[in-house]
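The block underneath contains the structure these notes are about, expressed in structure tokens.
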Amino acid sequence: MPELPEVEITARRLSEGLAGARIESALAPGMVTMKTFEPPLDALAGQDLDAVRRLGKMLVVEAGGLVLLVHLMSAGRLQLYDKPASPRDRSSRLLVRIEDGRELRLREFGTQQRAWAKLMPAGELEGDESVATLGPDAYPVPPLEQFAGLLDEPRHLHPLLRDQRVIAGIGRSWVDEILWSARLSPFQRASDLEPEAVARLRDACQSVLGSVLEHYERVIGPTVPDKLPMPLAVHRRQGEPCPRCGTKLEAIHFKDYVMSYCPQEQTGGRVLKDRRLSRLLK
Ligand SMILES: [Zn+2]
């Protein structure tokens with residue numbers, strides 16, 4: 001589940017690895033991967049790969065006057081390989097061949113095809129719907145006044161912080177870590193937060209995302225592995241002792257994700273109802 005730190009380290013490593021590379025050809029074995037058709041994908045042929053950068057949880061591959069905007073969704077990876085993919089590799093979604101024989105490859109695990117890409121002139125990027133609707137980036141965290149303004153909504157913190165239109169880059173893993181770090185309940189209503197708690201949450205956002213990035217810079221070599229060594233303290237660690245106070249961590253299971261927290265420090269000692277259980281008991 002690549003979020004801001006995972007996408008950022010991917011962009012940094014790809015930028016380093018692709019410096020000076022020229023594209024030979026590009027094709028999309030993923031039938032539904034390309035969401036744009038004009039310019040055609042082969043307009044990338046002959047272009048220099050200038051840089052790869054991150055926008056929220058998306059990647060932007062800059063090539064000449066064109067940009068390839070890539071969303072990895074939950075199971076995609078964009079990596080650089082020494083050799084072209086085997087035609088039988090069913091995880092291939094998008095292949096960008098480099099003149100020196102290497103290949104920039106978008107792969108996706110599992111049977112679903114949800115990762116997507118758009119090719120457009122660089123000047124159209126800012127106006128693209130998926131970019132224009134992004135809130136300010138979560139890292140570096142916005143200044144306090146702006147951050148407080150983003151939170152001034154009567155919504156629970158957990159979904160609010162994951163809403164890319166509010167603040168860009170945070171997903172289901174790092175939101176748990178940020179809320180635990182700030183000692184705030186995932187169900188706290190954002191607009192009810194005291195100014196002191198807003199400042200604490202902002203600090204947590206900056207320090208959690210910053211330290212994860214530092215961790216990745218230390219442990220990840222030139223190639224970003226399929227499975228990143230995520231330094232998680234609470235997310236998916238329910239049943240284990242809280243690393244700070246020793247209380248048993250709890251979790252609420254939703255249809256396709258889990259929300260983990262420390263009841264002692266985040267919910268006033270209350271263990272929240274697990275919706276999975278309460279549904280079964282209805
Ligand atoms: Zn605790």
Side-chain angles (χ1 to χ4, degrees), residues 1-6 8-9 57 74 138-142 144 147-148 150-163 166-167 169-219 227-281:
M1 190 73 70
E3 300 175 26
L4 187 153
E6 292 73 38
E8 176 67 27
I9 196 71
K57 292 195 267 188
S74 57
Y139 188 84
V141 74
L144 184 55
F147 187 77
L150 302 175
L151 292 187
D152 193 15
E153 283 196 51
R155 295 170 63 189
H156 293 157
L157 283 177
H158 200 278
L160 185 72
L161 292 172
R162 288 188 290 116
D163 186 341
V166 173
I167 187 163
I170 301 169
R172 293 161 179 175
S173 301
W174 298 114
V175 69
D176 278 357
E177 302 292 313
I178 290 167
L179 290 172
W180 173 77
S181 181
R183 295 177 168 86
L184 289 170
S185 165
F187 294 104
Q188 163 77 50
R189 195 188 293 261
S191 50
D192 290 347
L193 283 177
E194 298 293 335
E196 176 276 326
V198 172
R200 205 164 71 228
L201 182 56
R202 178 180 174 274
D203 289 347
C205 199
Q206 179 71 13
S207 66
V208 167
L209 297 174
S211 65
V212 179
L213 266 171
E214 276 171 31
H215 169 79
Y216 288 158
E217 279 291 358
R218 261 197 318 277
V219 302
K227 195 164 169 45
L228 277 91
M230 295 171 78
L232 296 163
V234 289
H235 183 66
R236 293 191 171 279
R237 292 191 175 267
Q238 57 272 16
E240 296 180 26
C242 168
R244 210 163 40 203
C245 74
T247 304
K248 189 175 85 162
L249 296 172
E250 297 287 345
I252 301 173
H253 294 264
F254 292 86
K255 182 167 162 281
D256 49 4
Y257 71 104
V258 60
M259 175 193 282
S260 314
Y261 65 98
C262 169
Q264 178 64 33
E265 297 179 291
Q266 290 179 260
T267 56
R270 287 191 311 279
V271 173
L272 304 170
K273 244 196 305 192
D274 188 316
R275 307 206 165 183
R276 185 180 54 173
L277 285 176
S278 47
R279 213 175 16 245
L280 288 173
L281 295 172

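Bear in mind that the values here come from a model prediction, so they are computed numbers and not experimental data. Remember, it's 1-based here, ligands and their atoms both numbered in the order they're listed.
The side chain to side chain donor-acceptor pair (under 3.5 Å) check on His235 picks up Asp176, with sequence neighbours excluded. Residues satisfying the side chain to side chain donor-acceptor pair (under 3.5 Å) criterion with Arg202, sequence neighbours excluded, are absent altogether. Tyr139 is linked by a side chain to side chain donor-acceptor pair (under 3.5 Å) to nothing, counting only residues two or more places apart in sequence or in another chain.
Between Cys245 and the options Cys242, Pro241, Pro243, a side chain to side chain contact (heavy atoms under 4.5 Å, CB included) holds for only Cys242.
Both tests pass for Arg162 against the ring of Tyr257: distance under 6.0 Å to the centre and angle within 45° of the axis. In this structure, Arg244 is positioned above the aromatic face of Trp180, its NZ or CZ under 6.0 Å from the six-membered ring centre and within 45° of the axis.
Around the Zn ion (ligand 1), the protein atoms of type N, O or S that sit closer than 2.8 Å are Cys242 SG, Cys245 SG, Cys262 SG, Glu265 OE1.
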